[in-house]
There are 2 protein chains.
Amino acid sequence: MQVTIKDIARECGVSVATVSMALSSKKTRVSEKTKAKVIEVARKYNYQPNNAAVSLVNKKSKLIGIVFNDLRNTHISSLFMEINNVVEKRGYSLVCHIIEDDGAVECDLLRNVGAGNISALIWAKSLEKYTNEEKKKLNDAILQLDVPVMTMDNYGFACEGTDVVFDYRQGGYIATKHLIDYGHRRIGCVAGKKNYQVTQERLEGYKMALQEAGISYDEKLVVYGDYTMNSGYMLFSYIMGKKVTAIFSMNDEMAFGIYRAARMYGVSIPEEVSVVGFDNVPFADVMQVPLTTIGIPVEEIGKYIGERTMELIECTEKKGRNVREYKPQLLLRGSTRKI
Amino acid sequence: MQVTIKDIARECGVSVATVSMALSSKKTRVSEKTKAKVIEVARKYNYQPNNAAVSLVNKKSKLIGIVFNDLRNTHISSLFMEINNVVEKRGYSLVCHIIEDDGAVECDLLRNVGAGNISALIWAKSLEKYTNEEKKKLNDAILQLDVPVMTMDNYGFACEGTDVVFDYRQGGYIATKHLIDYGHRRIGCVAGKKNYQVTQERLEGYKMALQEAGISYDEKLVVYGDYTMNSGYMLFSYIMGKKVTAIFSMNDEMAFGIYRAARMYGVSIPEEVSVVGFDNVPFADVMQVPLTTIGIPVEEIGKYIGERTMELIECTEKKGRNVREYKPQLLLRGSTRKI
DNA sequence: TTGAAAGCGCTAACAA
DNA sequence: TTGTTAGCGCTTTCAA
């Protein structure tokens, strides 16, 4: 059985209120002597306040909820580590909720999250194309949580927090433009899940670059995967069948799948086909032919999310909702060539 | 403000006890009619029990602590996902604690974890070579938690739970033996952090295989990194300077760093040097020259940990401490060749 | 400077 | 079948 404030009070011959105050970091009206005694005894018994009791009375816990799709993607796990690093230093812990892609489940999840007595929520899950009704339900569920919410996309939540967005459109544009600059005209696009907002944005960038170069958009050259390596692997033969000379892969993982398939089919990169990825995961630079890709400043983003979350929790004055945008960067490596 | 049991009681014209019972899944002594009414009202207001209150009275929460070093390693994040998948289905959430390598911090962390009101702890952090005093301190801290603890190594904790171990020694042996079978005699070893138990075990396996083949052990051929890609990259030139014809890398990440360095120095794998990794992360199979490596059944392990944790939480009869061991497997791919 | 007491939301023993 | 009540461990008025 854990030692409680009561045990300490008894041993020190004071009341529980005094112990509570002595142990509190707030301005104390307790005499130095009593305080020292209390602290000593507390240490002796290795006293730890019971979090459930503390949060029951304070209506705040040291827990921050975080929701995401898949941690196996290095890109997400790096983000996670960065965020954790910031909040853990301040005594907070992340409570994980992993969610498959399905709007219905999200609200269930949120009931669960809401019951968890968290002080803030980090919604790092990809935004999907919701119907208006789904949107409303989700927003209601979020509002009922009554805590600040950080999102990794523009969810349009009406609560306090920040939409941390990345300019995926610009990323898609830069990637495609780079291929065009290298003389490619038939550029395949291995897209991610169709219903993700981030997929649509990258696609818009792709189209923009094409249009700007006077290349007509051909939807046959766009094929949808699910952002996993395996889907890149599976889609390779289709896209090559379309006689493309270059591929814009919407993330690095799928590009790796493409690499693997290319090896299998004896197609060499970049001689026979150029490939551009997206994310710049650490492995991108390991391959024999390092992957040209679009960089995302994950460390910076993670750090910001962590700090902003803490600010939202600890500052009393309300800050409303704001947006913070990050920009893409082309990382030129070996997987693309001029034709 | 969240709806409480009291609000529902008022609206239904019954007492809070009745509401509590009606909403509980246990055998209920509440009339069907009252129960239906209560459930209806609860749903109407989207009632969620306050976890802090529930765990304060039950002395149990729906939280499971998990401790690890680095999530960026695909190997760890896969494990994490598997565990989460099992426990989330049962209504539990994982609370993350990431810890750098430092015994001193571990106990601090544990105070924090202990305050967190968790129902079980999963200690997925690498075991280090502790002094006896450190060991005792850690064990005491763990015991004070008074919850079942799963570990990913043989920590020798005295509490209820399971040591889930992997036969790293055998893995190191198989990897090295494979290289020896291929005719290699000068086999370099790119090891992980020296103070990790798992490093020492792999090293023992390496030595065993060498000895069995009558090759004398040369400590100059062993060099220590930190299990990151970058350390593999940095150590490559040293190990090649020792005129080895093959390298046993203690994990895939470092092997990838070796790949990268090899490319830089114009050394070809496996023509000029054979490489064996360890872990079998998904990327191992993407490279132009796919990595021969040692497989670990991560999915199986993760699933077991999740299920065993739930069993420990939910079963009332005490089960003591047991050990579960998993075995390595050689995955022969393209990065090794006969000489 | 300290203590008594109320109360956070919930559960469970005991009474009715 | 239902209500009353005590209490989980803590914080915070209010009174001494």
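Below, chains carry the letters A, B, ... as their sequence lines are ordered, and counting in each starts from 1. Predicted model, so just to flag it, every value in this text is computed and none were measured.
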Q: Grab the CD1-P distance between A/Ile8 and D/dG9 for me, whole Å please.
A: 13 Å

Q.
Do A/Arg72 and B/Ser78 pair up side chain to side chain, a donor and an acceptor below 3.5 Å, judged on atom types alone?
A. no

Q. Taking only residues two or more places apart in sequence, or in another chain, which ones meet A/Gln144 in a side chain to side chain contact (heavy atoms under 4.5 Å, CB included)?
A. B/Gln2, B/Asn46

(Q) Please report the distance, rounded to the nearest Å, between NZ in B/Lys60 and C1' in C/dT11. (A) 16 Å

Q. Think B/Lys59 has a side-chain N or O under 4.0 angstrom from the OP1 or OP2 of D/dG9?
A. yes

Q: Would you mind listing every ring pair (Phe, Tyr, Trp, His ring centres under 6.0 Å) that reaches into residues 51-73 of chain B, with sequence neighbours excluded?
A: B/Phe68-B/Phe80

(Q) With a 4.0 Å cutoff (strictly under), does any side-chain N or O of A/Ser31 reach OP1 or OP2 of C/dT2? (A) yes

Q. In whole angstrom, what separates B/Asn50's CG from C/dT11's P?
A. 10 Å

Q. Excluding sequence neighbours, so at least two apart, what forms salt bridge (charged side-chain N to carboxylate O under 4.0 Å, His left out) with A/Asp153?
A. none

Q.
Restricting to side-chain hydrogen bond (donor to acceptor under 3.5 Å, both in side chains), what partner residues turn up for A/Thr34, sequence neighbours left out?
A. A/Ser31

Q: Among the candidates C/dC10, C/dT2, D/dG3, find the nucleotide nearest to the side-chain atoms of A/Val30.
A: C/dT2

Q. Any ion pair linking B/Arg324 and B/Asp163 (charged N to carboxylate O, less than 4.0 Å)?
A. no

Contacts under 3.5 Å, N or O only, protein and nucleotides 12-16 of chain D:
{"from": "D/dT12", "atom 1": "OP1", "to": "A/Lys26", "atom 2": "NZ", "distance (Å)": "3.3"}

Q: Specify the separation, in whole Å, of atom CG of B/Leu23 and atom P of C/dG9.
A: 16 Å

Q: Write down the distance between CG (A/Leu56) and P (D/dT11), rounded to a whole number of angstrom.
A: 11 Å

Q | Rounded interatomic separation in angstrom, taking CG from B/Asn51 and P from C/dT11 | A | 10 Å

Q) Roughly, in whole Å, what's the span from CD1 in B/Ile5 to P in D/dG3? A) 12 Å

Q.
Holding to salt bridge (charged side-chain N to carboxylate O under 4.0 Å, His left out), I want the full list of residues that pass it with B/Lys6, two or more places apart in sequence or in another chain.
A. none

Q) Which whole-number value in Å describes the distance from B/Lys6 NZ to C/dC8 C1'? A) 9 Å

Q | Presence of A/Ser15 side-chain N/O under 4.0 Å of C/dG3 phosphate oxygens OP1/OP2 | A | yes

Q. Base, sugar-phosphate, or nothing for B/Thr34, non-hydrogen atoms under 4.0 angstrom?
A. sugar-phosphate

